[in-house]
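This chain uses plain numbering: 1 for the first residue, then up along the sequence.
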Amino acid sequence: MLGAVERFFQHAEVKFVLAVLIVTSVLPFDAIHNFDLAFFAVFGLEFVVRTAMLRHVRGWRLAGEMLLLAIDAVAVLSFLPLHRMFPDAHWILDSRYLRLLRLVRLSLLIRYLMALTADLWAIVRRHEIKYQLGFLLGAVAMLTLVSGIVLHVLEVPVDLNNDGEIEKGSLKDLLWWSFRAIESADNLVQSLKGPVVHLIFSVFLTIAGVFIMSLIIGLGASVVQMMLASNREKPVKVMDHLVVIGRGPNLPYLLRELVQIIRKRRRRMPIVLLSDSPVTPPYLYESDLSGVEYRAGDLSDLRALELVNPAEAARILVLYDQDKREHADATTLSTVLALRERTEAAILLELRHRRNTAAALAAGGGSITPVPLAKILGNILCQNLVFPGIDRVYEELLTAAGNDINVREFSPRDRARLVARGGTIPFGALLAGMYRKFGVVLIGVLVEKDGKTIPCLDPIHASDPAWAPAPGAVRPAGLSGLIGICRRERDLARAATWMTKGCPGAGASEDGPAPEVSLSLDETFTKLKRVLVVGENEMLPTLVEETGRFVPGVAFDVLVQGCERGRRLARVLQERWRCALHESPEGSGVERCLERLTGGRDVSIHGAEGDLMHMLSRDNTLGEARYDAAVFLADNEAPDPDAQNLLWLFSLLDAVREGRVASGERFHVLAEILSSAKGEIMERRAATSRGRRVRALSTQKLRTYFMAHCLFVPHLHRIYDELVSSEGLEFCHVVPSGVSGKAGFCDLLGALAARGMILFGVEYGDAGGRTDATFVVNPAPRSPDALIDMDRVKRLFVTADTDTIGKKET
């Protein structure tokens with residue numbers, strides 16, 4: 001409790017309010033004395049807190065702090081109306097003397113200004129500043145002395161008082177007149193009448209003064225810049241803050257998302273950014289990011305890390321540097337090792353490769369969460385390939401503007417209540433009750449296994465004596481928490497409280513009978529046989545592996561820039577998959593990898609020294625292939641991956657339109673574009689000029705949004721690791737049929753839950769079958785969106801196992 005109060009009084013806003021109250025309390029107005037008791041309460045609490053904070057002070061500073069506290073104690077007591085409380089006591093000082101004691105409160109203002117004064121003195125003592133100050137003072141002194149002596153020797157009369165009267169003056173008067181002429185241009189002679197020497201000296205000194213004042217202004221600006229730079233070299237004076245360590249072009253997206261999440265969750269958490277740029281990034285001066293503190297330094301240097309005060313941080317996010325490529329994970333691990341010398345705070349670590357997860361856990365200990373982004377982003381690319389349009393789900397769930405996946409862990413007290421109540425509850429009733437009462441779509445639960453808390457996203461089919469005695473039956477006493485899609489974190493918290501109270505009213509149904517709905521997978525999924533991949537990066541292996549699990553037997557043709565690079569990629573995949581490598585004749589630039597595992601995969605790697613699209617058109621093997629989809633991956637070795645992909649994409653669309661490349665009837669294109677702005681432009685141009693289905697996916701933007709949400713939602717990376725992969729339940733969309741008219745979202749929720757699916761979104765199409773922008777995720781109960789027009793529904797978005805849905809209408 002005391003620590004929280006100390007942190008509260010350390011905030012800059014609180015210090016500003018205290019300073020205002022100090023100045024107000026000493027103003028000589030009788031009306032202010034009516035608030036003496038209020039001042040006594042505020043200043044007394046601040047005095048107690050500062051006294052408690054002395055336990056952090058050591059050495060000679062402790063004596064000075066004790067002296068200030070002793071003086072301040074008298075000042076605080078002076079706010080008590082002692083002369084009114086003890087009117088007959090002669091030892092009470094007169095009230096006018098007590099008011100003088102209140103001026104001691106101004107000593108606290110001196111404390112607030114001491115750091116600023118120390119910085120200014122340290123800067124003034126620098127060699128370059130001392131040289132400039134010496135030059136200015138010497139120039140002013142020399143001009144004043146020379147002018148005054150010359151005017152005195154020549155006995156030149158001057159306008160001493162600036163009143164138009166010219167008279168002779170003493171040496172002291174002439175020296176003062178010369179100094180005033182340098183100091184201000186207002187002292188220039190007002191008329192040309194008078195001695196010529198007087199006019200010449202007045203004009204000369206005024207012009208010299210203008211130059212000197214400009215030098216003083218420039219020196220002042222330099223001092224201010226040095227003070228700002230000196231402030232950036234000091235550790236931040238905040239606690240319970242969020243530390244972001246990293247660099248890159250997507251940092252503005254990450255910081256804005258963090259600010260919005262903090263506002264949405266109604267928290268107060270300062271953000272501190274540590275990067276290697278010596279100057280403050282321009283985007284931090286924008287209004288929404290003005291509260292972000294910035295420090296610069298080597299990201300793995302212990303002294304630089306101390307600038308962000310990691311010992312007092314609540315959470316730390318370490319991002320990998322994509323410019324370092326294969327060495328990115330090594331750099332982030334060195335940062336983690338340095339951090340562990342100063343803090344035990346929870347660290348969220350972004351990794352490039354999954355193989356380095358064990359090393360990260362060993363370096364960071366139990367309070368580190370390594371997130372291998374290459375695997376997760378590769379799974380997301382795979383899902384967008386087999387389920388075109390599924391990226392709308394991530395646009396909704398990975399931004400603070402809409403619904404989020406939230407996790408609510410039960411406290412020990414809540415778990416004790418659940419154990420005391422006992423019993424079981426059907427998962428369908430739990431699902432419907434949480435949606436109707438709190439607007440939460442429950443997609444999973446947290447359970448204990450081998451001493452660890454893990455997410456279970458298939459509670460419908462789960463069977464575990466600890467928490468699921470039978471499929472579809474949930475024993476609340478065995479749960480550790482809830483996972484749900486909702487608009488606000490507190491909605492899931494209210495649902496968890498409702499559950500600990502025994503789920504009152506969970507069995508009561510407010511809806512009609514569940515509609516009979518026939519469901520089938522999209523034809524794009526069922527007809528995906530051959531895929532063209534242009535370019536390669538670390539996400540390619542995951543893309544091929546996961547697509548092969550979703551659609552067994554799918555074939556891939558991979559086009560890469562350079563024959564040697566193609567051969568190197570083939571050998572890397574051969575080592576990863578432990579498969580045979582079939583080399584084509586010398587000079588063909590084709591390597592063929594085959595793996596006969598689940599369903600089998602057929603992967604051909606084609607390397608070309610020239611234009612890849614030209615090779616695609618003239619190669620007989622590729623020209624005879626009929627492609628159902630094309631994927632463009634951002635090439636890490638290209639100078640501008642986005643520009644390269646845009647050129648290749650429009651070249652491919654031209655080749656498809658002219659028939660030089662054969663395509664299936666549901667041919668679609670997925671392009672990884674790092675810049676989201678370029679991706680939006682590309683989608684519009686491709687749709688209008690080529691008439692093909694083209695989707696751009698900004699993996700870098702997804703990366704930043706994903707890491708931002710992982711900071712605030714525990715176990716989120718594990719949840720997405722399952723929902724975007726082919727194992728277990730995954731995000732997918734199904735096509736409904738056999739039902740028309742209106743249906744409540746809660747009705748559909750129950751109907752699909754009985755089929756092993758959890759509904760969370762609806763996409764509408766117009767009368768012509770074209771998809772418009774209407775996409776609804778978790779409509780609010782009793783809102784117009786909660787009544788679904790089944791005649792306009794194009795697809796339903798669910799979490800389900802595609803293996804159980806089948807490839808034919810069910």
Original post:
Would you say the side chains of Asn406 and Glu489 form a donor-acceptor pair under 3.5 Å?
Top reply: no
Original post:
How close do Pro455 and Arg718 get, heavy atom to heavy atom, and via which atoms?
Top reply: CG-CB, 4.0 Å
Original post:
Are Lys452 and Asp450 close enough, and set up right, to give a salt bridge (Lys or Arg N to Asp or Glu O under 4.0 Å), and what steps lead you there?
Top reply: CA-CA 6 Å; Lys452 297 181 180 180; Asp450 298 331; over 6 Å; no
**OP:** Measure the spacing between CD1 of Ile347 and CG of Leu317 and express it to the nearest 0.5 Å.
**Re:** 10.5 Å
Subject >> Donor-acceptor under 3.5 Å (Arg315 side chain, Leu711 main chain) >> reply: yes
**OP:** Indicate yes or no for a side-chain donor-acceptor contact from Asp329 to the backbone of His353 under 3.5 Å, with no hydrogens or angles considered.
**Re:** yes
Original post:
Checking Thr542 side chain against Gly378 main chain: does a donor-acceptor pair fall under 3.5 Å?
Top reply: no
Subject >> Spacing of Leu373 atom CG and Met707 atom CE [to the nearest 0.5 Å] >> reply: 6.0 Å
**OP:** Return yes if some donor-acceptor pair links the side-chain N/O of Arg342 with the main-chain N/O of Ala311 below 3.5 Å, else return no.
**Re:** no
**OP:** Output all residues satisfying ring pair (Phe, Tyr, Trp, His ring centres under 6.0 Å) with Phe387, sequence neighbours left out; order by chain, then residue number.
**Re:** Phe525, Phe550, His733
Original post:
Rounded to the nearest 0.5 Å, how far apart are CG of Leu457 and OG1 of Thr799?
Top reply: 7.5 Å
**OP:** Let me see the working for Val407 and Leu716 under side chain to side chain contact (heavy atoms under 4.5 Å, CB included), right down to the final yes or no.
**Re:** CA-CA 8 Å; Val407 175; Leu716 186 64; 5.6 Å; no
Original post:
Just wondering, do Met499 and Pro476 contact through their side chains at under 4.5 Å, heavy atoms?
Top reply: yes
Subject >> For the student: nearest non-hydrogen atoms of Leu752 and Leu759, plus distance >> reply: CD2-CB, 3.9 Å
**OP:** Under the side-chain hydrogen bond (donor to acceptor under 3.5 Å, both in side chains) rule, collect the residues that match up with Asn250, sequence neighbours excluded.
**Re:** none
Original post:
Are Leu479 and Val447 side-chain neighbours, meaning at least one heavy-atom pair lies under 4.5 Å?
Top reply: yes
Original post:
Quick one: are Val713 and Tyr720 in side-chain contact, heavy atoms under 4.5 Å?
Top reply: no
Subject >> side chain to side chain contact (heavy atoms under 4.5 Å, CB included) assessment of Tyr283 paired with Leu255 >> reply: CA-CA 10 Å; Tyr283 55 79; Leu255 295 175; 3.8 Å; yes
Subject >> Side chain to side chain, Leu381 and Leu633, heavy atoms closer than 4.5 Å >> reply: yes
Original post:
Is a side-chain N or O of Thr343 found less than 3.5 angstrom from the main chain of Leu339, in a donor-acceptor match?
Top reply: no
Original post:
Looking at Gly423 and Arg475, what are the two nearest heavy atoms and their distance?
Top reply: O-CG, 3.6 Å
Subject >> Working for side chain to side chain contact (heavy atoms under 4.5 Å, CB included), residues Ile460 and Ile758 >> reply: CA-CA 9 Å; Ile460 298 176; Ile758 299 178; 4.1 Å; yes
Subject >> Pairs flagged by ring-ring contact (aromatic ring centres under 6.0 Å, His included) wherever residues 435-478 is involved - sequence neighbours left out >> reply: Tyr435-Phe745, Phe438-Trp498
Original post:
Are any non-hydrogen side-chain atoms of Asp321 and Thr331 less than 4.5 angstrom apart?
Top reply: no
Original post:
For the residue pair Ala360 and Leu333, what are the closest heavy atoms and their distance?
Top reply: CA-CD2, 3.5 Å
Original post:
If only atom types and distance count, is the side chain of Ser725 paired as donor or acceptor with the main-chain N or O of Glu722 below 3.5 Å?
Top reply: yes
Original post:
Once you round to the nearest 0.5 Å, how far does CD of Glu672 lie from OG of Ser698?
Top reply: 8.5 Å
Subject >> Side-chain heavy atoms of Glu257 within contact of Thr399, under 4.5 Å >> reply: yes
Original post:
In Å and rounded to the nearest 0.5 Å, what is the CZ to NZ distance from Arg355 to Lys375?
Top reply: 15.0 Å
Original post:
Have Arg417 and Thr497 got a donor and an acceptor in their side chains that come within less than 3.5 Å?
Top reply: no
**OP:** Would you confirm whether Arg436, through its side chain, and Pro781, through its main-chain N or O, come within 3.5 Å as a donor-acceptor pair?
**Re:** no
Original post:
What is the distance from atom CD1 of Ile376 to atom CG of Leu723, rounded to the nearest 0.5 Å?
Top reply: 11.0 Å
Subject >> Glu341 versus Leu302, closest heavy-atom pair with distance >> reply: CB-CD1, 4.1 Å
Subject >> Side chains of Arg295 and Asn309, donor plus acceptor under 3.5 Å >> reply: no
**OP:** For this output row, return yes or no: ring centroids of Phe731 and Phe760 closer than 6.0 angstrom.
**Re:** yes
Subject >> Heavy-atom donor-acceptor pair, Glu396 side chain to Asn403 backbone, under 3.5 Å >> reply: yes
Original post:
Any ion pair linking Arg494 and Asp491 (charged N to carboxylate O, less than 4.0 Å)?
Top reply: yes
Original post:
Stepwise, does the side chain to side chain contact (heavy atoms under 4.5 Å, CB included) test hold for Gln700 with Thr704?
Top reply: CA-CA 6 Å; Gln700 295 302 320; Thr704 56; 5.9 Å; no
**OP:** Establish, from distance only, whether the side-chain atoms of Asn379 and Glu730 form a donor-acceptor pair under 3.5 Å.
**Re:** no
Subject >> Basic-acidic side-chain contact under 4.0 Å: Asp464, Lys449 >> reply: no
Original post:
Can you tell me if Glu763 uses its side chain to pair, donor with acceptor, with the backbone of Phe797 under 3.5 Å?
Top reply: no
Original post:
Just checking, any donor-acceptor pair under 3.5 angstrom between side chains of Thr332 and Glu350?
Top reply: no
**OP:** Mind listing the closest non-hydrogen atom pair of Pro270 and Met239 along with its distance?
**Re:** CD-O, 4.4 Å
**OP:** Give a yes or no on whether the backbone of Asp414 and the side-chain of Thr500 come within a donor-acceptor separation of less than 3.5 Å.
**Re:** no
Original post:
Regarding Gln260 and Arg263, is there a side-chain donor-to-acceptor distance under 3.5 Å anywhere?
Top reply: no
**OP:** Check each of Asn778, Leu492, Leu482 against Val440 using the side chain to side chain contact (heavy atoms under 4.5 Å, CB included) test, and report the only one that passes.
**Re:** Leu492
Original post:
Can you find a pair of side-chain heavy atoms, one from Arg340 and one from Ser367, that are under 4.5 Å apart?
Top reply: yes
**OP:** Please examine the side chains of Arg267 and Phe712, heavy atoms only from C-beta on, and report whether any two atoms are closer than 4.5 Å.
**Re:** yes
Subject >> Salt-bridge present (Glu546, Arg549; N to O < 4.0 Å) >> reply: yes
